[in-house]
Amino acid sequence: MSHERHNRGGGYRKRYNQRDRDDYDDRRRDYETPDDKLKTAIIKLGEVDPIEELPRLEQQIRDHVPRNIPTLSEAFRIGVTEQPYKIPFYAALLRLLHNPSELAIPDESPLGRLILEDFWKGFQSYLDKVAWRDTRLCIHFFAHLTVAKLISVDSMFSLLRSFTAVLDEFGVSHGRAKQAALCAGEGLLIAGPVLNEHSATSVEEIINAIQAYVDTTSQQKWLVSPSTRISSQALPHDSAVELLEILLTTLTALNQSDFKDTATCMPQPYTLYPDIDTVVLKHYDLPLVLVPPEVIELDSMSADSSEESQVKKDEWPEFFMRLFQNDVSPDPSTPPGYVIRTALLDIVDIFEVNRKDCARLLLEYPKWNLPGTFKPKPGATIAVEPAPGKDWQLESTIIETVLGAYLILPESSRKSIYYIALITELCKLSPSTVGPAVGKSIRKLYNSLSDGLDVEAARRFAEWFAVHMSNFGFQWVWKEWVPDISLPVQHPRRAFMRRAVEFEIRLAYHDRILKTLPESMQSADAYTISEQAPGPAYEYDDPTNPHHDAAQAVLNLFRGRAKAEDVIAHLDSLKSSLDTSDEGHVNVDSIIRSIVVQSLLHIGSRSFSHFLNAIERYLALLRNLASGGTSGTSGTGNPEAKADVLTATAVFWKHNRQMVGIVFDKLMQYQIVDPTDVVAWTFMNGVGAGQLAELGGPMNLSAFEWDLLRGALDKANGRVTIARRKIVALRKEDDDARARVKARADETMDVDAEPKEIDEAKEEAPPVDNPILTTALKAFSSLSKEQKTALSRTLEGFVACLAPSSTAPHANPQSRTVTTEEAWENRANWERDEWNAWETWGWYRQFCRLYSPYLRAYSTTLYTVSFAKFEHEKDPAVDLLKLVWNIAIGQEA
């Protein structure tokens, strides 16, 4: 930049360089190889009209010389796995390429057969890598080719059976079984007409195999259903659907009609062409395959495993919420609805890398489905007759699908911000049609808050609502929800309003959001928006505070950037003076910790960089305070002292709860406090420690406390993961070094030496332990212990909240009563304590299902610590706690 400022040629040079780059790009396009051009043409099939383009593209492929079969099959593979909505048309193109060529050599395989044979090699590589999505989409392609009479029915059956065999594996994980069932089930859905005609018995066998597996997952479904009751394991089917269940329902319905309805579910352009004479060309037999075995993870998650144990996210059934009636968006449990829902999900999943393209393709989806499936766009020039039983609203279907993927429990497959940004892009592309669908979705989700919407789904709903409103001027009709202010203060609807407004303030500023709310929501007794803007609350700023002068002296030391030793010396004298004062009955150490932490945060409150600088400058002082000392003598850790540090932080940032989480994270990062300390403090905060509990009352956990718990647990788990990676890398380096030493020794060994001499030479250089590896193993052991302690403390905290003893202080009297069916049916009369208890139960469920891989690793120890004391007691609350726990760790009763 400075160069351009001082050199008059800078601007011209910049423009010239840009023009030069543009010319270079043009030349690259000009010199694109013929193979690349053909590959691009295949991938871009259907940009205007796929049916009209097929014959032209076929001729272009035939005219291309010399033939490059690998390039052609690669183009098909890319098209099939990255543009699955085009699969029927790629099948039609391959069918055309099976026609004999005018210039064909006698007995030569058709071009289409050569491409198919090479395509199979790519499929085999996907399968070997266990790339489930690519494998499943290739099976879609093979299924269409089977209907097109290009692939033999027997070999297609064999392919599908190889995936149903996975369902019978001993101890198969849900993630693996789910993917295998989708591969087999969706292949059958597409190829069903010809498969059923060939062998109805074999079709029944595939459906029964999927059914048998689905029947084993009922308790898992209860734990991850987004709208379920803690009082009953009955699943409401009108508000959410589970992926494997709707696949099974779809297959059953198609089987009852002998798969005659398949043609009304998806385009089959290849059926327009005559069948190939099997005398001239036999059907292609797909080679036999074996699905690679699952990578076994050690339950102990120890450092002895040679590879890092990846924590799997897809180990639970996937529930998708229904937001619209069946005449607005298709019922996903019907064949057309299932095909549409999964096609849209694939687009959302594949195009995560480009949300703008994803939004455009979603709105263009009707082009790839049967005409009349969706209502025409407003102002459409071509009138299409609605298909019987269809004529759905495209935008509502898309929004329902995207939000369904976003609200999957325990966590979505992609980052939350992707789904939120995708909906924003959809609204920008077609505001007049997508906007109303978004508004209806918000209202539907809001209404479901009263009917048991899961607490984690409600938290994500508030997050999406706030971000979406921030992209569109915070324009929402809040007056619709004014009547709900009369509900109990902890009712899910009121909690949602508080949370959404808090998120909106983070994205804007207090006064901006205050002006968007009706007057009845602005008052303090409405508990919707805070009375003052988020900011620090330095309690020693008040001259009437008895420790005002002492705090000002410490604050001045920090402002003057005094050395840590000088501050510690001052604190020693301050402690002496406070000990001899009239307030000797108070905890002097706690007061000093509060003064130091709040004063330091006050210095750092101007900006995030100020905060980090302050923490790093006085790191030794903070660690000393957290160890229980105020002098130069360091300690090993004092739970009470660490709790004081966290409480002082919470008091200072009581008007900005986001900063509480940020500061806690940094205190853990700098090892001033441990994750276990944050967990312990969080359960204390449930009864008002640090003046941060939402509205006081007995022991409970709100979304704020959950965020703190999750931050602490993620920190503990993340440290173990990093330590394990380091060990794996060091072991690899160690093995490589040993191998090099051995190789050199073998090279220098006398070839004529006696075997005994060779053995003695090898024994002369015993392996030396790597000190770095030894240190890493010790660190891993220490971090694993910390991880187990944090998980154990969290579980103990939940048990103490939800099954409190008769002598427990601050126990919620309703924690047991809300677990009954009778109480749930009477929820219209619930007050604050009941809703508090219900929300705490919800966060316990989220804790168990989200961290199940970690809990499973220490299940015996954790169970003994938290549940052994209840062995001989009959307590419905304890039974429910155990039920959730057993489902989460895979020990269903």
Side-chain angles (χ1 to χ4, degrees), residues 439 442-453 455 457-470 472-535 537 650 653-660 685-688 690-698 700-707 812 814 827-840 842:
I442 291 172
R443 292 177 177 90
K444 173 68 175 178
L445 287 170
Y446 180 79
N447 290 334
S448 68
L449 289 166
S450 303
D451 300 323
L453 182 66
V455 292
R459 185 195 66 79
R460 285 189 226 162
F461 171 35
E463 190 176 275
W464 165 58
F465 176 85
V467 177
H468 190 78
M469 291 302 119
S470 73
F472 297 97
F474 297 101
Q475 297 175 11
W476 180 250
V477 191
W478 284 95
K479 64 182 180 182
E480 292 181 6
W481 298 342
V482 167
D484 290 337
I485 294 179
S486 61
L487 294 170
V489 73
Q490 284 293 69
H491 189 281
R493 291 188 181 181
R494 294 194 66 184
F496 166 81
M497 285 190 271
R498 275 196 303 278
R499 213 164 292 143
V501 167
E502 182 180 342
F503 289 159
E504 285 190 347
I505 292 173
R506 294 181 188 179
L507 296 165
Y509 53 95
H510 186 270
D511 289 348
R512 171 80 174 85
I513 303 307
L514 185 67
K515 293 175 182 176
T516 65
L517 300 177
E519 285 189 19
S520 53
M521 287 186 175
Q522 296 179 10
S523 59
D525 56 0
Y527 292 108
T528 302
I529 186 169
S530 55
E531 292 184 72
Q532 54 184 306
W653 285 115
K654 64 184 177 183
H655 298 310
N656 188 344
R657 301 200 297 185
Q658 181 185 20
M659 282 302 300
V660 175
N685 181 65
V687 291
Q691 305 170 30
L692 264 175
E694 283 218 333
L695 296 161
N700 73 92
L701 257 74
S702 68
F704 166 68
E705 282 83 24
W706 169 251
D707 285 342
N812 189 332
Q814 307 300 335
R827 64 187 179 280
N829 298 317
W830 280 7
E831 295 297 332
R832 181 196 65 181
D833 289 352
E834 287 89 346
W835 285 116
N836 275 342
W838 179 84
E839 184 175 9
T840 306

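- Rounding to the nearest 0.5 angstrom, the gap separating the CZ atom in F704 from the CD atom in Q658 is 11.0 Å.
- Between F496 and F465, the ring planes are perpendicular. Angles over 60° get that label, and only those under 30° would be called parallel.
- By the 4.5 Å heavy-atom criterion applied to side chains, L453 and P492 are not counted as neighbours.
- Within the 3.5 Å criterion, the main-chain N or O of S450 finds a donor-acceptor partner in the side chain of R827.
- Note that CD of Q532 is 11.0 Å distant from CG of N656, once rounded to the nearest 0.5 Å.
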Side-chain donor-acceptor pairs of residues 507-516 under 3.5 Å, sequence neighbours excluded:
| from | atom 1 | to | atom 2 | distance (Å) |
| --- | --- | --- | --- | --- |
| H510 | NE2 | S530 | O | 2.7 |
| R512 | NH2 | G473 | O | 3.2 |
| T516 | OG1 | I513 | O | 2.6 |

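- Rounded to the nearest 0.5 Å, atoms CD (E834) and CG (N829) are 9.5 Å apart.
- The residue from R498, E839, R832 that alone fulfils the side chain to side chain donor-acceptor pair (under 3.5 Å) condition with Q490 is R498.
- Going from atom OG of S470 over to atom CD1 of I505 covers 13.0 Å, rounded to the nearest 0.5 Å.
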### Task
Apply the test side-chain contact (heavy atoms from CB on, under 4.5 Å) to residues V455 and W706: give CA-CA distance (whole Å), side-chain angles for both, the deciding distance (0.1 Å), then the verdict.
CA-CA 10 Å; V455 292; W706 169 251; over 6 Å; no

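- Of the possible polar contacts, one joining the R494 side chain to the L487 backbone as a donor-acceptor pair under 3.5 Å is found.
- Put simply, the side chain of E705 never gets that close to the backbone of N700: no donor and acceptor are under 3.5 Å apart.
- Side-chain contact check for M521 versus I529: every heavy-atom pair is 4.5 Å or farther apart.
- To the nearest 0.5 Å, atoms NE2 (H468) and CD (E463) are separated by 14.5 Å.
- Side chains of D707 and R459 form a contact here, defined as non-hydrogen atoms less than 4.5 Å apart.
- In terms of heavy-atom proximity, A500 sits nearest to A466 at O-CB, 3.8 Å.
- Ion pairing of R506 with E502 is present here, as a side-chain N (NZ or NE/NH1/NH2) and a carboxylate O approach within less than 4.0 Å.
- Residues E504 and L517 form no side-chain contact, since every pair of their non-hydrogen atoms from C-beta on lies 4.5 Å or further apart.
- Using bins of under 30°, 30° to 60° and over 60° for the plane-to-plane angle, the ring pair W838/W835 lands in the perpendicular bin.
- Separating the CH2 atom in W478 from the OG1 atom in T528 is a distance of 8.0 Å, to the nearest 0.5 Å.
- Taking each heavy atom of V482 and P518 in turn, the nearest pair found is CG2-CG, 3.9 Å.
- Using a 30° and 60° split on the angle between ring planes, F461 and W464 fall in the tilted class, from 30° to 60°.
- Between G535 and H655, the shortest heavy-atom contact is O-CB, 3.5 Å.
- Of all non-hydrogen atoms in V660 and A650, the two that sit nearest each other are CG2-CA, 4.3 Å.
- Judged by distance alone, with hydrogens and angles left aside, the side-chain atoms of D833 form no donor-acceptor pair with the main-chain N or O of N812 at under 3.5 Å.
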